[in-house]
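Within every chain, numbering begins at 1; the chains are lettered A, B, ... in the order of the sequence lines, protein sequences first and strands thereafter. Worth knowing before you read on, the calculation uses all heavy atoms, side chains too, and leaves out hydrogens, waters and symmetry mates.
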Protein chains: 2
Amino acid sequence: MSAAHSGEVGAEAIRPPGATVRRAPSRSSRKRESSESLNQNGHRVTIDQVAREAGVSTATVSRVLAGIGSVNATMAAEVKRVAATLGYRPFGAARDLASGHHRSIGVVVPDLANPYFYDIIQSAQTAAAKDGYRMLIADSGGDPATELSMCEDLLSQAGGLIVQSSRMDVTALKSLAAHNSPVVLINRVEYGVDLPHVGVDNFSAMLEICHHLTSLGHSKAVYLAGPASSWQNQERWRAIQQARMMGLEATAITAEPTIQGGYAATDAALVERPTAIIAFNDLVASGVLARLRELGVDVPKKMSVTGFDDIVFAKFTQPALTTAVTPRAVLGEQAWKILKARLNGHALPEVPLVKAEVLIRDSSAAPPER
Amino acid sequence: MSAAHSGEVGAEAIRPPGATVRRAPSRSSRKRESSESLNQNGHRVTIDQVAREAGVSTATVSRVLAGIGSVNATMAAEVKRVAATLGYRPFGAARDLASGHHRSIGVVVPDLANPYFYDIIQSAQTAAAKDGYRMLIADSGGDPATELSMCEDLLSQAGGLIVQSSRMDVTALKSLAAHNSPVVLINRVEYGVDLPHVGVDNFSAMLEICHHLTSLGHSKAVYLAGPASSWQNQERWRAIQQARMMGLEATAITAEPTIQGGYAATDAALVERPTAIIAFNDLVASGVLARLRELGVDVPKKMSVTGFDDIVFAKFTQPALTTAVTPRAVLGEQAWKILKARLNGHALPEVPLVKAEVLIRDSSAAPPER
DNA sequence: CAACGCTGAGTAAGCGCTCTCTCACCTTTG
DNA sequence: CAAAGGTGAGAGAGCGCTTACTCAGCGTTG
């Protein structure tokens, strides 16, 4: 261990006195480089300035602004006035550091351009905001490799995470769970991974769609499947296979879970000569509808098409889409509820899979007579 | 001013020595309450622990993890190994406080469920992430009153803000500008407010739509207008009025800027007996299309309909929508570019309004013969 | 071979808040 | 009227990092 520098007596004789003191100026010059949240003079307005100006202690300013503890009304008003005049804005990082926890949660989704996620994000954001939390969002691009590092990164900024990670591999999930991270999974149930989750009961909903189809008289369908590794896809496919007992024969063809994906996969689906096409989700179904229109295949007279999710546009496709309504706003709220309990050290609330109601619109009808 | 407490000699005699020292334990017990980012023992893993375990100083750990400065390779490897083993995750707030700036930017939009914003959010997030910034997102619900406080709130957590605030009043904007806040406005040009902005050239694009319509032979149109206070709406309407010189007579009817809004306003538009309906955006146009279909009005034979924005669904409406392609991804990137320059104290890059290309699809054609 | 860079790594001073302690000053009680 | 109990506000110790400053240990030069 080397000798102490400025604290050691002998060293003091060698160095000019006040060497340590001289650091302060260089400090402040460093800060001037960034212009974030600085006032006209290029300095950040701190709580100390407000306190000095208002003639009170920083503790009091803190109390007034946080609205906790009892403070003399006149004093409080003065503090607020000074804070407003100075344009004081608490520096979040300092607050978080002092209080020991972040006031943000992170949300990771595979594709921010997908309308499915926005209802979740919106409701989660609203719910979290009510409890004073902000929301960080990140688009993983659906890449399993970056997903974990993205989560790790967000976890250094956020108190907890809501993760919609259909693809992220189990090892990554386990690593998250192992470090005891406050993470809630959306639409993914993974046995053997100790992470709470919320999700839609995909199985029941898809079974209901199949039932709707068979009761209409369909017996041959094609399932335009989503990503093979996705839990949602697995559940939906499991339901379709189970529907064999109801007399529905189905083959699966994988498609990109997008409009383009549905559009592109339609021709291959037609080769199977089905009377119904069960799409992984509404996006895919929309693509199918567009392609069938091009091909002159009448929906629903010649072909029934079903979607999943009931995104806002499902009602306005031509014809309007028969689909399963996944209550995404509920998912967002539930996710926050669990995360909040987790952050506060409470017992995690038990939340069952959310039921999705099947909405029959105009894209499904009895199959054509043979 | 009252006398100092523990620093005063007289007081020392009264209180037991070491009174202040006793605070430490109560501190740590406070922290145990929150379970965020704590390891199995209920403690946060800090850089000190990593340093001790790896037998180096915290400075070295910091350098290794930040990847700056030169560190002995063996030492670096060991530090990384220890950090991984311990599940060390830097506490973002401490980092931000020490370095003096937040590594997040905030984005405020009036409605997260509006697909218009998806591309902006996605591209801005991607661009910012490349520079090591996270993205905080907030839904103001379009309420002008909450918008400012939401911005203020975010500014205490974020280095800067990207604001899409069609409604926020000028006073609020000025207050933001007055405090020298790093804010970039999207799709709003406000003279007299010293805040940088990026936006689409709504005027030219709408003029081009009008030109398209007049060249087709239309002379009577209805504009289904967006929010009156919105800059975008004002620009678009200004273009339509200018189109009178091209022989296009148009009246404006205000509609909610949603699918439902377009649907609901269609009947009122028809009263004017136009041959074309110019919708504020694609959402409104979709609603119009849905209502016209219900009414049995053939588009485009009996009625032309145009949208604006080219959201992903515009291509798949029936008929496919003629619209102006607003390059939203570009907007997001530009916004970040400006914000970044602002945060780094560089001169703000000059960015002109982005041109929107008009895409003629199937919802517009020559008006019916009289 | 001495004087002089370099380099790599340690030391420790804050960053701007929060919150526990502590005490001065009042208001109740016995 | 003294003792006990409240209550409001100040003091100041950190929170976990980053980074300026410092210096020991070497490799270069003249």
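Between B:A59 and B:A94, the residue whose closest nucleotide on DNA chain C is further toward the 5' end is B:A59. Between A:R95 and B:S70, it is B:S70 whose nearest contact on DNA chain C lies nearer the 5' terminus. Sequence order on DNA chain D of the closest nucleotides to B:V61 and A:T58 puts A:T58 first from the 5' end.
If you check every strand for non-hydrogen atoms under 4.0 Å, A:N72 touches sugar and phosphate atoms only.
One can place CD of A:E78 at 16 Å from C1' of D:dA9, the figure rounded to the nearest angstrom. Going from atom CG of B:D96 over to atom C1' of D:dT19 covers 15 Å, rounded to whole Å. Atom CG in B:L65 sits roughly 13 Å away from atom C1' in D:dG16 (whole-Å rounding). Straight-line distance from the CZ atom of B:R44 to the P atom of D:dG14: 17 Å, rounded to whole Å. Atom P of nucleotide D:dC15 and atom CD1 of B:I47 are separated by 15 Å, given to the nearest angstrom. Taking atom CE on A:M75 and atom P on D:dT7, their separation rounds to 18 Å, with Å as the unit. For the pair B:D48 CG and C:dT11 P, the computed distance is 12 Å after rounding to whole Å. Between the CZ atom of A:R89 and the C1' atom of C:dG16 there is a distance of 15 Å, rounded to whole Å.
With sequence neighbours left out, the side chain to side chain contact (heavy atoms under 4.5 Å, CB included) criterion links A:P349 to A:K337, A:I338, A:A341.
Using five terminal pairs a side, the axes of the helix from C:dC1-D:dG30 to C:dG30-D:dC1 at its two ends make an angle of 40°, given in steps of 10 degrees.
Among all heavy-atom pairs drawn from A:S140 and A:P110, the shortest one is OG-CA, 3.4 Å. Taking all atoms of both residues into account, the shortest heavy-atom contact from A:W336 to A:I105 is CZ3-CG2, 3.4 Å.
Surrounding CG of A:D194 are at most 12 heavy atoms belonging to other residues, nucleotides or ligands under 6.0 Å away.
You'll find that the side chain of B:S99 is closest to D:dT18, out of D:dG16, C:dG16, D:dT18.
Donor-acceptor pairing under 3.5 Å is recorded for the side chains of A:S181 and B:R89. In this model, no donor atom of one side chain and acceptor atom of the other lie less than 3.5 Å apart for A:Q125 and B:D139.
A close approach under 4.0 Å does occur between a side-chain nitrogen or oxygen of A:S62 and OP1 or OP2 of C:dT18. Dashed line: the shortest gap from a side-chain N or O of A:T60 to OP1 or OP2 of D:dA9 is not under 4.0 Å. OP1 or OP2 of D:dA9 has not a single side-chain nitrogen or oxygen of A:S57 nearer than 4.0 Å.
Close placement of the B:F91 and A:H102 rings is indicated, their centers lying within 6.0 Å of each other.
Contact annotation: side chain of A:R63 to base of D:dG10, donor-acceptor pair present below 3.5 Å.
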